[in-house]
Engineer: 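Would you mind keeping the following structure in view while I ask a few things?
Numbering of ligands and ligand atoms starts at 1, following listing order.
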Amino acid sequence: MNKTNHIENYINGKWTASTSTDHMEVINPVNQDILAKVPLSNKKEMGHAVDAATSALNDWRDTPATERIQYLFKLKTLFEENIDELARTITLECGKTLAESKGELQRAIENIEVACGIPTMLMGSNLENIARGIDEHMIRQPIGVVGIITPFNFPGMIPFWFLPYAIACGNTCIIKPSEKVPLTMVFAMHLLEQTGLPKGIVNLVNGGKETVDAMLDHPQIKAISFVGSSQVAKYIYSRGAANGKRVQAQGGAKNPVVVMPDADPEVSTKIIVDSAFGCAGQRCLANSLVITVGEAHKPFSEALCEAASTRVLGCGLDEDVHVGPVISPESKDRITSFIESAHTESANVIAGGKAVTVKGYAKGNFVAPTVIDNIDPQGIIATSEIFGPVLGIIPADNLDQAIQIVNQGKYGNMGCIFTNSGPAARKFRNQVDAGNIGINIGVAAPMAFFPFSGWNESFYGDLHAQGSHAIEFYTQTKVIAERWPKEWSRTF
Ligand code: NAD
């Protein structure tokens, strides 16, 4: 950042002022303070970053994987040493609590750790004597220059679902973080710089749609990793694939949770409410729809209402705050207009239900944790991604009906069940159309060594982020057949 708080790009190992005249303000959602100005970089600047990444590629892919990961070991240490300051940056620009910010950084560190094991994961396979004197083996090589595009809600974690794996596999990359929360990646980029990573391997280009389009259209970019809303994910997938790129595009979500009559009310309520209202509901794995089975409805709707009403809203930097502001005033208005539509569905708002003012933070984008009972399973609240602290409840007669309601949703990021019954849990995990399943878990976020498996409109592509899928996504296989028959042997 320069003296006027204008964020710079990081291209070919240098912090560079953008030549774009378009900027956006980065705004603290708790008080509307302007934290910085972020450039909306243009096609030319993306071109410079791609040139830098392309020039760095040959030497980087020839660098042994065991050497490449040494930079990641250093990065992990730097993340740990700077976790407090990084978390503070996330909270300032994104609004979540410090505990939530640290939690996401912990996830970033876990991904860096898994990527440090890439030499083993990169190993190929071979078969001796596919015919007499002929062996065949497969190796993995990097795909080339990779583009990474990330959303606003996890600025410290989501870039690291991709970046460590991409570079450990021998690729170079360009990252474009969300223009709403660019400061965290600027901080992380300074840490990457301190590792001594050679120039051009990771480039940071800030911007919005024009910057993304330049990435999608650049012929030298071979793969795109994206996380954001489904509408944009679909667009990224279509345009990237039409341009011949490998694309993984994670989209939005609506995550149902089925509550069986035998679920423990106290424990389950706490877990569900933490999932629904943590990060102010702006989490792609937030429980946003509770489907109560049979007699679970009354005790659970009452318990959820009570638990929602006791959540403390406030500034994420303050202790004892459970729920921070949502990202922007527009987002707050969008969320409250969803809540208002409850009336047209004859549903009952039993907790929250409106925007609120918090003492000391009159300009904060606060929405009260909201529970809406008896929503229409086909209605707008049940089917839309609201992306705020809003939980809808649908009563169902039995587990089969509950699973049917879950599976009629268009997303497939996560499905959860709360029960003490093994057979009910087993049936649920077998039959539900979602890529991440929680059994008595509210945020079933896969650890870094598992793929982050969204389904349906929560994901466009084949290979997901993290773990073994990341290795497959960021490499291409080469199969080599070689003939060395005995008759050719000589004695040396
Ligand atoms: P978004 O789709 O608005 O933006 C994501 C990225 O795409 C940003 O970098 C943005 O600059 C860019 N972008 C936005 N509009 C674009 C356009 N028209 N053309 C090209 N690029 C564009 O998403 P957001 O509001 O930043 O993030 C919230 C969304 O992300 C939610 O839908 C949430 O569910 C989803 N999300 C999904 C996951 C997952 O793992 N599936 C994880 C986190 C967030």
Engineer: Just by distance, no angles: are the side chains of N111 and Q466 close enough, under 3.5 Å, to form a donor-acceptor pair?
Structural biologist: yes

Engineer: Mind checking whether Q282 contacts ligand 1 via backbone (N, CA, C, O), side chain (CB onward), both or neither, at a 4.0 Å heavy-atom cut-off?
Structural biologist: neither

Engineer: Are T16 and E8 linked by a side-chain donor-acceptor pair shorter than 3.5 Å?
Structural biologist: no

Engineer: Does even one non-hydrogen atom of F459 get within less than 4.0 Å of ligand 1?
Structural biologist: no

Engineer: Of all the non-hydrogen atoms in the protein, which one sits nearest to atom 7 (O) of ligand 1, and at what distance?
Structural biologist: F226 CE1, 3.3 Å

Engineer: Polar-atom distance check: Q250 versus ligand 1, any N or O pair below 3.5 Å?
Structural biologist: yes

Engineer: Consider only side-chain N and O atoms of N255 and N287, and report whether a donor and an acceptor are under 3.5 Å apart.
Structural biologist: no

Engineer: Would the distance check show the side chain of K254 and the main-chain N or O of I381 forming a donor-acceptor pair, the cut-off being under 3.5 Å?
Structural biologist: yes

Engineer: Are the aromatic ring centres of H322 and F277 under 6.0 angstrom apart?
Structural biologist: no

Engineer: May I ask you to identify, for E385, whether its side chain, its backbone, both or neither come under 4.0 Å of ligand 1 on a heavy-atom basis?
Structural biologist: side chain

Engineer: Under 4.0 Å from a heavy atom of V212: give me the atoms of ligand 1 that qualify, with their elements.
Structural biologist: 20 (C), 21 (N)

Engineer: Do any N/O atoms on K176 end up under 3.5 angstrom from N/O atoms on ligand 1?
Structural biologist: yes

Engineer: So which protein heavy atom does atom 16 (C) of ligand 1 come closest to, and at what separation?
Structural biologist: V232 CG1, 3.7 Å

Engineer: Would I327 count as a contact of ligand 1 if the rule is a heavy atom under 4.0 Å away?
Structural biologist: no

Engineer: Check whether the side chains of K199 and Y10 place a donor and an acceptor atom closer than 3.5 Å, and report yes or no.
Structural biologist: no

Engineer: Does some non-hydrogen atom of G251 fall short of 4.0 Å from ligand 1?
Structural biologist: yes

Engineer: Do S458 and Q250 pair up side chain to side chain, a donor and an acceptor below 3.5 Å, judged on atom types alone?
Structural biologist: no

Engineer: Under 3.5 Å, N or O to N or O, is N153 touching ligand 1 that way?
Structural biologist: no

Engineer: Is it the case that the side chains of N203 and N12 hold a donor-acceptor pair, with the cut-off being a distance below 3.5 Å and no angle test?
Structural biologist: no

Engineer: Identify the protein heavy atom lying closest to atom 2 (O) of ligand 1, giving its residue, its atom name and the separation to 0.1 Å.
Structural biologist: S229 OG, 2.6 Å

Engineer: Test S101 against every option in Q106, R88, K96, M157 by the side-chain contact (heavy atoms from CB on, under 4.5 Å) rule and name the one that passes.
Structural biologist: K96

Engineer: How does W161 reach ligand 1, by side chain, by backbone, by both or by neither, if only non-hydrogen atoms under 4.0 Å count?
Structural biologist: side chain

Engineer: Just checking, any donor-acceptor pair under 3.5 angstrom between side chains of D318 and Y361?
Structural biologist: yes

Engineer: Any idea which atoms of ligand 1 are less than 4.0 Å away from a heavy-atom of V227?
Structural biologist: 5 (C), 36 (N), 37 (C), 38 (C), 39 (C), 42 (C), 43 (C), 44 (C)

Engineer: Any non-hydrogen protein atom below 4.0 Å of atom 26 (O) of ligand 1?
Structural biologist: yes

Engineer: Are E330 and N365 linked by a side-chain donor-acceptor pair shorter than 3.5 Å?
Structural biologist: no

Engineer: To check your reading of the model: name the closest protein heavy atom to atom 10 (C) of ligand 1, its residue, and the distance in Å.
Structural biologist: E179 OE1, 3.5 Å

Engineer: For S230 and Y460, does a side-chain donor sit closer than 3.5 Å to a side-chain acceptor?
Structural biologist: no

Engineer: What about F152: any of its N or O atoms under 3.5 Å from an N or O on ligand 1?
Structural biologist: yes

Engineer: Using a 4.0 Å cut-off to any heavy atom of T150, which atoms of ligand 1 qualify?
Structural biologist: 6 (C), 8 (C), 9 (O)

Engineer: Using a heavy-atom cut-off of under 4.0 Å, does the side chain or the backbone of F154 touch ligand 1, or both, or neither?
Structural biologist: neither

